[in-house]
Every structure is written in structure tokens, then in C-alpha cells.
Amino acid sequence: SPPPKPSVPPPLPPVPTIPLLSLRDGEAYTVWGASLRLRNQRRHPEMNGADLSITGVISRSNVPDASRCAVHPPDIADPDDCKALVPTFWLCDTLDAPSSDCIRVMGWASNYLSVIWLRG
């Protein structure tokens with residue numbers, strides 16, 4: 001037989017509230033909107049692999065923190081002991097947005113030299 005029901009229901013955490021932020025900016029998604037839609041299990045299949053336009057600002061990057069050993073002329077390999085991070089930037093709706101509200105973009109440059117060259 002099933003166990004008896006407790007006389008007092010167990011306490012549950014409060015239901016989280018999702019901020020009412022704009023999902024789109026014209027035809028493009030906002031960073032918040034794209035992030036929310038990509039995490040939504042029902043919407044993910046239609047978003048995954050689709051060409052998306054996202055409006056936002058680059059609020060920070062790890063380019064200033066590049067290891068000196070990773071910045072060198074082309075055709076020269078990094079030293080074996082070089083610990084270089086992947087070039088990364090954070091796309092956000094505002095410059096002061098917390099990292100948790102941004103999309104971290106990695107793999108857009110193969111190395112730091114190409115980033116420095118692009119900034120020219």
C-alpha cells in the first residue's frame with residue numbers, strides 16, 4: 001500500500017520570475033531573446049543551426065589578457081609551455097550587463113595574432 005500523505009506539504013522554493021525584457025529588436029534577436037530561445041526546449045529545434053541575427057554590444061573580451069607567448073609572428077608555433085586561452089568576447093544587450101546575461105563567443109579567431117591584426 002502507498003505511504004500515507006504528510007499532513008503538512010513540504011516547503012517549496014519560490015517560483016523564479018523571468019524579467020520582462022525585449023526578445024527582438026526589429027527582425028534581429030536581442031542577446032536576452034536569443035539566449036532565452038536557445039535554452040527553451042520547445043524552441044531549440046527551430047533555433048539550433050539556423051542563421052540568427054543578434055543585436056548587442058561587445059562588453060568585454062579576453063584579448064587584453066592574452067599570454068605573451070601566444071602573440072608572435074605567423075608561422076611560428078606557440079612554445080610547448082604556453083598556456084593560451086581561446087580568444088573570447090561577451091556579447092551583451094548593455095555594456096554593464098552581468099556575464100550571466102551575455103553570450104560568450106569563442107572560436108571566432110584561431111589565435112591572438114589574428115585578433116591583433118584585425119584591430120590594426
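In this chain, residues are counted from 1 in sequence order. What's counted below: heavy atoms across the whole structure, side chains too, no hydrogens, waters or symmetry copies.
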For [X], which residues count as a side-chain hydrogen bond (donor to acceptor under 3.5 Å, both in side chains) partner, sequence neighbours excluded?
X	result
Thr88	none
Thr30	none
Arg60	Ser99

Taking all atoms of both residues into account, what is the closest heavy-atom pair of [X] and [Y], and its distance?
X	Y	value
Cys82	Ala70	SG-N, 3.7 Å
Asp78	Ala84	OD2-CB, 4.4 Å
Ser22	Arg24	OG-O, 2.8 Å
Ala28	Thr55	CB-CG2, 3.6 Å
Leu91	Val31	O-CG1, 3.4 Å

[atom1] of [X] to [atom2] of [Y]: how many Å apart, nearest 0.5 Å?
X	Y	atom1	atom2	result
Glu46	Asn40	CD	CG	8.5 Å
Tyr29	Leu38	OH	CG	8.5 Å
Asn62	Ser67	CG	OG	9.5 Å
Asp96	Ser59	CG	OG	9.0 Å
Arg104	Ser35	CZ	OG	12.5 Å
Asp93	Asp101	CG	CG	8.0 Å

Grouping ILVMFWY residues whenever side-chain heavy atoms fall under 4.5 Å, the cluster of Val57 otherwise contains Leu95

For Leu20, the other hydrophobic cluster members (4.5 Å side-chain criterion, sorted by chain and number) are none

In short, ring-ring contact (aromatic ring centres under 6.0 Å, His included) pairs touching residues 79-102 with sequence neighbours left out are Phe89-Trp108

Item checked: Over 12 foreign heavy atoms within 6.0 Å of CD, Glu27 -> no

Between Met106 and Leu52, is there a shared hydrophobic cluster once you connect ILVMFWY residues whose side-chain heavy atoms come closer than 4.5 Å? no

Consider only side-chain heavy atoms of I, L, V, M, F, W and Y, link residues closer than 4.5 Å, and tell whether Val86 and Val71 are in one cluster.
no

Does a side-chain heavy-atom distance below 4.5 Å link Ile103 with Ile54?
yes

